[in-house]
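Report on the structure given below.
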2 protein chains.
Amino acid sequence: MSKRQVIKEKPIIKGKQVTSRGEEDYIKAIYKLSDEAEGERVTNHQLAVYFAHTAQTVNEMVRKLEKKEMLVYQPYKGSVLTTLGMEEAVRLIRAHRIWETFLTDKLGYAWEEVHEEAEMLEHLTSTKLADKLYAFLGAPEVCPHGNYIPALSDLKRDDLDTCGRLKLSKAKKGKQYCLKSVVDDKALLVYLNSLNIYIDLCFKIIERDLVSDIVTLTYDGRNTPLSGAVAQKLFVCEVYDAEDNA
Amino acid sequence: MSKRQVIKEKPIIKGKQVTSRGEEDYIKAIYKLSDEAEGERVTNHQLAVYFAHTAQTVNEMVRKLEKKEMLVYQPYKGSVLTTLGMEEAVRLIRAHRIWETFLTDKLGYAWEEVHEEAEMLEHLTSTKLADKLYAFLGAPEVCPHGNYIPALSDLKRDDLDTCGRLKLSKAKKGKQYCLKSVVDDKALLVYLNSLNIYIDLCFKIIERDLVSDIVTLTYDGRNTPLSGAVAQKLFVCEVYDAEDNA
DNA sequence: TCAATTCTTAAGGTTAACCATAAAAAGTTG
DNA sequence: CAACTTTTTATGGTTAACCTTAAGAATTGA
């Protein structure tokens, strides 16, 4: 009733979020972890390790997301995303990969530089913006790391990272392969740069030492040994049109 | 010392911000308001109205920004940005206008749709990203609303919105003008759309009624009356190569 | 100049997203 | 199945960004 109320005149619009940044990060993490691990449920412990959060914090976040019906949580068992949660995760992953593609293809970023930027931008990307960007990019199939850019309706997680592809660590000696995707890990990407390894590079496996756990590839006329740890993060397709360059 | 500490293993990187979203909004607001009003100092009251925040909140934010040396505050007088604060404001305005240009020029957004998106994106735009985007856009001079895109070193506020331009409300009857910029106000932009008025449109003023406060323009072979309120939000340059289309 | 008005600020509250400590509950295993 | 480990959750704390109420200080104008 006082004149001071006049201050309330202009209610500037602000981003009204249904899910906050933190919540979105949890949804994405659950989506990813439920794929990496064999089981479907993601335990609170896994999330605690992933985010370096305490058990209590994880518990609170999971309970909050449960109330919002983004996931179903069973104490001592873990969480499974609901369809709503999956949709949210796919929306974020789609935006993430679209931004990564934009940053490399249009702005000339290196593939190891795009993750952090995309990680921020994805959270403010409306469906409209994502779709327009995607069209502008020419509807690319994959991001700079070779992972599929899912459509919003595309909730099948298996397709996203590895469908039709083989871990290099499971490839066979003597055969030829083409690199199709890599895990989005900065140190790995920088390392691959130093070896001149990139998406769509074709090579032959000339050695696979199970004791030392080293795979040796041939490309560019030279031999390159890769540790099992690295080989596990590279996904390849077999190539049949033989043509040696050793 | 307990085994539970193992949880602390993986400290995922997060955006470490020097200035938060809220602080950045205050810096931008002070920058803008110190230009719009005649005086240089921006009072807490102005900020309270602008954000629809309470006096207490404004006070807290201003004091916080003062501690960070982004501004100098004099109780009962108001705030002035320091060079540091100005740089921050220009960085944000630059990012804002670059995003607006990207959204319209590359993604086909309408000029009334870009403000909100840019308002969010600007806060996560590193100098590197802004510069790359800017180059990608072909180093445009102005945003879709005709406002100059400042360089980071460009702290002169006067140039940004009106340099060398005239408010349409001060234009003279009988002369020809070209629309150079408009205030970024959604309702206004939609209204201008309906009149087919856009940046770089040239027209002649055929009437200026001081009593009714209406300016009448001629373009596209028709006469269009504009209220003083609208005319105040349009900035024009005089055009000398005469050519009637009335 | 003094009363009215406006501005500032102290005190204390809220919510979100984190934290630690510690107890209670469930699972695991010898 | 008892002991041990892990997981959950209650309690209580922190900071940031907001809020209200209300007191106190400065400005203004008649």
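Every chain is numbered from 1 and lettered A, B, ... according to where its sequence line falls, protein lines coming before strand lines. Worth knowing before you read on, the calculation uses all heavy atoms, side chains too, and leaves out hydrogens, waters and symmetry mates.
Proximity of Arg63(B) to the phosphate of dT8(C): no side-chain N or O atom is located under 4.0 Å from OP1 or OP2. For Asn59(A), a side-chain nitrogen or oxygen approaches OP1 or OP2 of dT9(D) to under 4.0 Å. In terms of phosphate contacts, Asn44(A) brings a side-chain nitrogen or oxygen within less than 4.0 Å of OP1 or OP2 of dT8(D).
Residues Thr19(B) and Glu24(B) have side chains that bring a donor and an acceptor to within less than 3.5 angstrom of each other. Remark: the Tyr26(B) side chain and the His53(B) side chain contain an N/O donor-acceptor pair separated by less than 3.5 Å.
Between Glu60(A) atom CD and dT7(D) atom C1' the separation is 15 Å, expressed in whole Å. Atom CD of Gln46(B) and atom P of dT6(C) are 15 Å apart (whole Å). In this structure, CG of Leu65(A) is placed 13 Å from P of dA16(C), rounded to the nearest angstrom. Distance NE2 (His45(B)) to P (dT28(D)): 14 Å, rounded to an integer number of Å. If you measure from atom OH of Tyr26(A) to atom P of dA16(C), you get 15 Å, rounded to the nearest angstrom. Straight-line distance from the CD atom of Glu66(B) to the C1' atom of dT8(C): 13 Å, rounded to whole Å. Atom-to-atom, CG of Leu47(A) to C1' of dT8(D) comes out at 14 Å; the value is rounded to the nearest Å. Between the CD atom of Gln74(A) and the P atom of dG27(C) there is a distance of 11 Å, rounded to whole Å.
Judged by closest nucleotide on DNA chain D, Gly78(A) is the one of Gly78(A) and Lys77(B) placed further toward the 5' end. Both Pro75(B) and Val58(A) lie near DNA chain C, and the one whose nearest nucleotide falls closer to the 5' end is Pro75(B).
A distance below 6.0 Å separates the ring centres of His115(B) and His96(B). Separation of the Tyr109(B) and Phe102(B) ring centroids does not fall under the 6.0 Å cut-off.
With values rounded to the nearest 0.5 angstrom, Glu100(B) atom CD is found 4.5 Å from His145(B) atom NE2.
Between the side chain of Gln56(B) and the base of dA10(C), at least one donor-acceptor pair of N or O atoms lies under 3.5 Å.
Among the protein residues, Tyr73(A) comes within range of the sugar-phosphate backbone only, with heavy atoms under 4.0 Å from sugar or phosphate atoms but none that close to a base.
Which of dG12(C), dT27(D), dT7(D) sits closest to the side chain of Tyr76(A) comes down to dT7(D).
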